[in-house]
Amino acid sequence: MKPIIYQLFPRIMTNMNATCVAGGTYKENGSGKLNEITGKVLKSIKGLGVTHVWYTGILEMATKTEFPGIPSDNPNVVKGEAGSPYAIKDYYDVAPSLASDIDRRMEEFQLLVDRSHDEGLKVIIDFVPNHTARIYHSDAAPDGITDFGSGDTIGMFFTPSNNYYYITNQQFSPEFPLDAEGDTPYVEFPAKATGNDCFTAFCKKTDWYETVKLNYGYDPWSGRGHYDPVPDTWLRMLHILRYWAAKGVDGFRCDMVFMVPQEFWHWAIPQVKADYPHVIFIGEIYDMALYRQFIHYCGFDYLYDKVGLYDTLVGIEREGYSAAQLTGRWQAVEGIGDCMLNFLENHDEVRFASKAFAGDPAKVVPYLVVSAMMGKGPFMIYYGQELGEPATDNEGFAGDNNRSTIFDYWSYDTLRRWYNNGLCSVSKLTAHEKWLRNLYRKVLTLCNKSKAVSEGEFFDLMYVNLQNPGFNPHCLYSFVRYTGKEALLFLVNFSDMPQTARINIPDLCFDMAGIAEGDYKENDLLWGLQHQFRVERGKPTSLNISPKGALILPLKKIKLKKTGGRLQ
């Protein structure tokens, strides 16, 4: 199975408030609830071809909102009214804003896991190992588990047994005031290092000031790791992973994995998998030079290929990159390509339909086909992407930044009309939104319906077409996916103009994929339109392709003849 992951933000996904105000409070804007992600919602998501749901923002985070029995956090070190889902203040609890009954919030999460499994969907949640909220306190930890930092020696910048790094004899003094909001100034003495490896008390507004860096036994000043005996932070994090795996979680999307010592992952992941062998680990990483180490040594199942394929696709649309550069992207991860997770959107990146990327969701066809179907590895979409959500709102803290907020209480018109108070119907979608959602359904479903895509080999046709006068490698990209029983020819056009492509298919591809020569009359798997073309060794295959289009055409396989008891 090729994992197809749907990243879903429960705080916003099912919120039906159509009158949200920028920077609005929980009372003003409301919040989506775990209970509202019903079996009907999940069935509709699965119908897109999805196999896994990543519930983002489950763990309890620092927030400006006070809930019954749960005090608010100091607003001067919280981003947005709702707070960042990556500023964790309790690794053992569920964000109360997501609960219909706050006292039963963990039970409501457990029921969501069960509903997801009942619909045949795997559950992924965030694991945030690099940093916590500035003030961490768990009121849900199992007996015997104390808070991070509770046993630290605060008079030392670094000792392997500490959970945090301390700027000794210095108060936390960022470039912005710590008494601008609320009645109580935020005071931190001594200052802790800030989450983005800011080992100073004087962080900037652009730093991750709402978080503090965790100490895994690595001394940033000497550059040495102290991992024997096993640091306390390691033991705590392993317990957290096992805690959630025991609740039925099937995978962890691990935040900023390269900011945590590789030795920790090498130690922790095998121990989790020993007890829960089905659990997958997905690493957020932005250094291609580290890919192989994080797969082969650290034990990750999948890694983001943001700086590889994603950035190249953005470059094709925004910077004039040639489509031929895509060849270099799979070559860079050859041998580990099956471990690459591809995407066009997530909570960190701009929306595809935003003015910062394509500006028009209909342009997605070639990008979607390439990103989802070039390899066997996972493909991920972000909630609302299938509806063309353009991220044009100014939600408050997030501002108008071409992304969907993770800091504010909010609701989006596209999702409201689809969710429709739990009906999950397309009746309120525009004709264009219906077309787009159906496109995503076709592509994502085909990813596992076709063995050539989910399991097959990949053959890049660009090397024989770079100097082909009948093929424009600046805007066209072509490849073949194949198994012993199936072969597919892919052609995408990133141009805003129609193209005629005369594609050279080399003898090596004919032999490896077992392609039969001859005249073809085949329906394209994406649009169902019939195409007539000829496939012949030594001669180009001619195809017409629409602007921002894609063709997925079945190729006939050579029929093996049985001679003398052998297949030839």
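Ring pair Tyr91/Phe148: centre-to-centre distance below 6.0 Å. The aromatic ring centroids of Phe109 and Tyr55 lie 6.0 Å or more from each other. Not less than 6.0 angstrom separates the ring centroid of His266 from the ring centroid of Tyr227. Ring to ring, Trp221 and Phe157 are close: their centroids are under 6.0 angstrom apart.
Between Phe9 and Tyr383, the angle of the ring planes lies from 30° to 60°, which puts this pair in the tilted group.
Pairing each heavy atom of Ser161 with each of Asp232, the nearest pair is O-CB, 3.9 Å. Minimum interatomic distance between Tyr164 and Asp152 (heavy atoms only, all atoms of both residues): N-OD2, 3.1 Å. Here the closest non-hydrogen pair linking Phe379 and Phe343 is CE1-CA, 3.8 Å. Here the closest heavy-atom approach between residue Phe357 and residue Leu344 is recorded as CE1-O, 4.0 Å. The shortest non-hydrogen separation linking Pro96 to Glu60 is CD-CG, 3.9 Å. Nearest heavy-atom pair, His278 versus Val249, reported as atom, atom and distance to 0.1 Å: NE2-O, 4.0 Å.
If you check the side chains of Glu395 and Tyr412, you find a donor sitting under 3.5 Å from an acceptor. Side chains of Tyr216 and Glu263: no donor on one and acceptor on the other come within 3.5 Å. Between Asn15 and Tyr409, the side chains place no donor N or O within less than 3.5 Å of an acceptor N or O (distance only, hydrogens not considered). With hydrogens and angles left out, the side-chain atoms of Asp126 and Trp54 include a donor and acceptor closer than 3.5 Å. Of the N and O atoms on the side chains of Ser404 and Arg351, at least one donor lies less than 3.5 Å from an acceptor on the other residue. Side-chain contact check for Tyr382 and Glu389: no donor-acceptor pair (N or O, by modelled atom type) lies under 3.5 Å.
Side chain of Thr153 to backbone of Gly155: no donor-acceptor contact under 3.5 angstrom is found. In terms of modelled atom types and a separation under 3.5 Å, the side chain of Thr25 and the main chain of Glu28 share a donor-acceptor contact. Side chain of Arg318 to main chain of Ala356: a donor-acceptor pair is present (N/O by atom type, distance under 3.5 Å, no hydrogens or angles). Judged purely by atom type and a 3.5 angstrom limit, Lys2 uses its side chain to pair as donor or acceptor with the backbone of Gly377. Of the possible donor and acceptor atoms, none in the side chain of Ser97 sits under 3.5 Å from a partner among the backbone N and O of Ser31. A donor-acceptor pair under 3.5 Å is formed between the side chain of Glu345 and the backbone N or O of Phe352. In this structure, Asp207 contributes its side chain and Tyr209 its backbone to no donor-acceptor pair below 3.5 Å. In this structure, the side chain of Glu386 engages the main chain of Gly384 through a donor-acceptor pair within 3.5 Å. For Asn29 (side chain) and Asn17 (main-chain N/O), no donor-acceptor pair under 3.5 Å exists by modelled atom type. For Tyr302 (side chain) and Asn342 (main-chain N/O), no donor-acceptor pair under 3.5 Å exists by modelled atom type.
When side chains are defined from C-beta on, Trp330 does not count as touching Met340, because their heavy atoms never get closer than 4.5 Å. Taking the side chain as every heavy atom from C-beta outward, Ile280 and Lys122 never approach each other to under 4.5 Å. With contacts defined as side-chain heavy-atom distances shorter than 4.5 Å, the pair Asn163/Asp147 does not qualify. Counting heavy atoms from C-beta outward, Tyr218 and Pro261 have side chains that approach closer than 4.5 Å. Within the 4.5 Å cutoff, side-chain heavy atoms of Arg242 are placed close to those of Gln271. No side-chain heavy atom of Val94 sits less than 4.5 Å from a side-chain heavy atom of Glu108. Counting heavy atoms from C-beta on, the side chains of Met61 and Asp73 never come closer than 4.5 Å. In this structure, the side chains of Phe281 and Val257 stay at 4.5 Å or more apart for every pair of heavy atoms.
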Practice item. With ring pair (Phe, Tyr, Trp, His ring centres under 6.0 Å) as the test, would you mind laying out the steps for Phe258 and Phe294 before giving the verdict? Key: CA-CA 8 Å; Phe258 56 97; Phe294 271 82; 7.7 Å; no
**Study point:** Candidate pair Val77 and Leu178, rule side chain to side chain contact (heavy atoms under 4.5 Å, CB included), full reasoning
**Key:** CA-CA 8 Å; Val77 286; Leu178 292 173; 4.1 Å; yes
Exercise for review: Starting from the C-alpha separation in whole Å, work towards a yes-or-no answer on side-chain hydrogen bond (donor to acceptor under 3.5 Å, both in side chains) for Tyr6 and Gln385.
Suggested key: CA-CA 10 Å; Tyr6 191 93; Gln385 178 180 339; over 6 Å; no
Exercise for review: Begin with the C-alpha distance, continue with both residues' side-chain angles, and end with the deciding distance and a verdict on side-chain hydrogen bond (donor to acceptor under 3.5 Å, both in side chains) for Asn196 and Thr194.
Suggested key: CA-CA 6 Å; Asn196 58 318; Thr194 296; 5.4 Å; no
Exercise for review: Just do the side-chain hydrogen bond (donor to acceptor under 3.5 Å, both in side chains) check on Thr14 and Glu36 with the steps written out, would you?
Suggested key: CA-CA 7 Å; Thr14 60; Glu36 294 166 349; 2.6 Å; yes
Check your understanding: After noting the C-alpha distance and the side-chain angles of Thr56 and Ile406, does the key distance pass the side chain to side chain contact (heavy atoms under 4.5 Å, CB included) rule?
Key -> CA-CA 9 Å; Thr56 307; Ile406 62 172; 5.8 Å; no
**Study point:** side chain to side chain contact (heavy atoms under 4.5 Å, CB included) assessment of Val350 paired with Arg403
**Key:** CA-CA 5 Å; Val350 298; Arg403 295 166 176 82; 3.8 Å; yes
Practice item. Please lay out, stage by stage, how Asp90 and Tyr136 fare under the test side chain to side chain contact (heavy atoms under 4.5 Å, CB included). Key: CA-CA 6 Å; Asp90 190 347; Tyr136 180 90; 3.9 Å; yes
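Expressed to the nearest 0.5 Å, how far CG of Leu34 lies from CD of Gln110 amounts to 11.5 Å. Atoms CG and CZ, from Leu241 and Phe252 in turn, are 5.0 Å apart once rounded to the nearest 0.5 Å. Summarising the geometry, atom CH2 belonging to Trp208 is positioned 3.5 Å from atom CE belonging to Met256; distances are rounded to the nearest 0.5 Å. Atom-to-atom distance recorded for Ile381:CD1 and Ile4:CD1 is 9.0 Å, nearest 0.5 angstrom. Here the CG atom belonging to Leu303 is positioned 4.5 Å from the CD1 atom belonging to Ile295, to the nearest 0.5 angstrom. Here NZ of Lys213 is found 3.5 Å from CG of Asn130. Values are rounded to the nearest 0.5 Å.
Lys273 NZ: more than 12 foreign heavy atoms inside a 6.0 Å radius. Atom NZ of Lys306 is surrounded by more than 12 heavy atoms from other residues, nucleotides or ligands within 6.0 Å.
The existence of a salt bridge linking Glu284 and Arg253 is confirmed by a sub-4.0 Å separation between a basic side-chain nitrogen and an acidic carboxylate oxygen. Salt bridge Glu210/Lys79: present, at least one basic N to carboxylate O contact under 4.0 Å. Ion pairing between Arg416 and Asp413 holds under the 4.0 Å rule for side-chain N and carboxylate O.
Both the sub-6.0 Å distance and the 45° axial angle are satisfied by Arg134 relative to the ring of Phe172.
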